[in-house]
Every structure is written in C-alpha cells, then in structure tokens.
Amino acid sequence: MNETKARDEIARLSRSLYERGYSVGSAGNISLRLEDGYLITPTNSCLGFLDPARISKLDAQGRHVAGDRPSKEVFLHTAFYETRSVAGAVVHLHSTYATAISCMQGVEPEDCIKPLTPYVVMRVGKVALVPYFRPGDERGGTLIRALNGRYAAVLLANHGPVVSGKDILSTVYAAEELEETAKLLVTLGDRPVNYLSDENVTELHRIFGE
Ligand code: 13P
C-alpha cells in the first residue's frame, strides 16, 4: 500500500471505530508499517476526525519526520514491530469491556481472554496482561518486548488493549473481536461457562492458521 492510500485507510478505519464507540474523546492510537518507516496517529487527536495529511510519519529508526507530533504511545507500537516481523499494523484502544477486564483482579497474565468463541481464537489468539505503567512511559515498550513476540495482542493493566496484525484491516477486526469477546466475558460474569477445549483450539489453528 502506498503512503497516500495508507494515510486514507488509517483515517477511514479510525473514524469507523470512533463512530461505533470503540474509541471516545482522544483515546486510542493506530499505526501502520510502511516500506520506509511508519505512520501513527498524532497525540491528542480524535480517531473520528483525523486529517490524513497530518498523520505522523516516523522513519525506519522511529524518528519523527513528518506530520503532527506522534502518539505518546509510540513505544507500544514499535515494540510490536520489533518483536513480530509479521506485524504490519497496531491498534491501541480504551474500549470499555477489554479495559474492564484489564482492571479485574485474578486475571491470568499469560491468558487473560479465555477461548470463548472460535473467532477470538482465529482472529486474536492468546492475550497477555501487561502490568500497569503510566500512558506514554517507555517501560510499556520494554514490557511488550519482553514477551518476545509470542502474543499478537495484550491488555495493558487498568488501561486497555493493544493489538497487532498483518495489515490494518485485519488488525482493526482483531481489536473489535477482542472487545466483543471481553463484552461476552463480562456479561457472563460468574455463571459457569463452557470454554472451547484444547482440541477445539488446535483444530481452529490447523484449519485457519495461527
Ligand atoms: P495519544 O493521544 O498520545 O495517542 O494517547 C492516547 C492514548 O490512548 C493513551 O493511552
């Protein structure tokens, strides 16, 4: 995808997320890997009203080279690109239900969104919980790099989800799937739940890939 098309695609999908309530105010940020660097939404911008021409551009070393000042969460994004060579886009949201789970006690840090439905297995995979750090703290990048690329998606404790994927459309779909699964989990609450079995998960990976 060329840079002009990539800018338009970030603005189009960001607006779609905003209009459907996955992002509010100036929460959330989205990035995309280019051949010569990265595009990332500017800090304090509203995902509903991005000007494609003002989206920030970073060079391959992560230096800001064009557009408005980049998101303060740039470290989260670059940590995914560094540790997952397959990552072509990263989406960070404060979407309500995934964020609710990130605040709960007793969540399993190595597997915080259980395999409730096939699509969360197919589109998101296992999700790790990363300990709390303040927004914009470079430690966030260090904590994600420490996962060594084993997870395409993480929940930041008391903050929200960060999802990576091969391109921007599939990454947005994965972020939506994660949020809707979190909503199901919160809705089910303390009721006894049938999760997919290990065999079910293995079959999904075999047929649809990891
Ligand atoms: P930015 O406005 O710097 O992108 O930060 C928003 C956000 O989601 C913080 O976590």
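Ligands are counted one by one from 1 in listed order, and the atoms in each one are counted from 1 as well. Here the structure is a predicted model, which means the values were calculated and not measured. Side chains included, hydrogens not; waters and symmetry mates left out as well; all remaining heavy atoms used.
- Checking only distances, P135 never comes within under 3.5 Å of ligand 1, N or O to N or O.
- Residue T41 places no N or O, backbone or side chain, under 3.5 Å from any N or O of ligand 1.
- With a 4.0 Å cut-off on non-hydrogen atoms, T43 touches ligand 1 through its backbone as well as its side chain.
- Just one residue in the list V107, V121, L129, L155 forms a side chain to side chain contact (heavy atoms under 4.5 Å, CB included) with I113, and that residue is L155.
- If you number the atoms of ligand 1 from 1 as listed, the ones under 4.0 Å from a heavy atom of H92 come out as 8 (O), 10 (O).
- Every side chain to side chain contact (heavy atoms under 4.5 Å, CB included) that R206 has, sequence neighbours left out, goes to E203.
- The number of heavy-atom neighbours closer than 6.0 Å to CZ of R54, taken from other residues, nucleotides and ligands shown, is 12 or below.
- Set against the non-hydrogen atoms of S71, the atoms of ligand 1 under 4.0 Å away are 1 (P), 3 (O), 4 (O).
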Query raised in the report: Is there a side-chain contact (heavy atoms from CB on, under 4.5 Å) between N44 and K72 once you walk through the steps?
Result: CA-CA 9 Å; N44 297 326; K72 63 181 157 306; 4.3 Å; yes

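- Among all protein heavy atoms, the one lying closest to atom 7 (C) of ligand 1 is N29 ND2, 3.4 Å.
- Scanning all protein heavy atoms for the shortest distance to atom 2 (O) of ligand 1 gives N44 N, 2.7 Å.
- Within the listing of ligand 1, atoms 2 (O), 6 (C) sit less than 4.0 angstrom from a heavy atom of S26.
- Residue contact check: H94 has heavy atoms under 4.0 Å from atoms 7 (C), 8 (O), 9 (C), 10 (O) of ligand 1.
- Residue, atom and distance of the protein heavy atom nearest to atom 5 (O) of ligand 1 are K72 NZ, 3.1 Å.
- Shown here is K126, whose NZ atom has no more than 12 heavy atoms of other residues, nucleotides or ligands within 6.0 Å.
- Annotation: S45 places no N or O atom under 3.5 Å from an N or O atom of ligand 1; distance criterion only.
- Taking every heavy atom of E73 and a limit of under 4.0 angstrom, the matching atoms of ligand 1 come to 9 (C), 10 (O).
- In this model, no donor atom of one side chain and acceptor atom of the other lie less than 3.5 Å apart for S164 and Y151.
- Around atom CD of E35, no more than 12 heavy atoms belonging to other residues, nucleotides or ligands sit under 6.0 Å away.
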Report task. Assess whether ring-ring contact (aromatic ring centres under 6.0 Å, His included) is satisfied between H92 and H77, documenting all intermediate values. Result -> CA-CA 8 Å; H92 166 51; H77 295 249; 7.2 Å; no

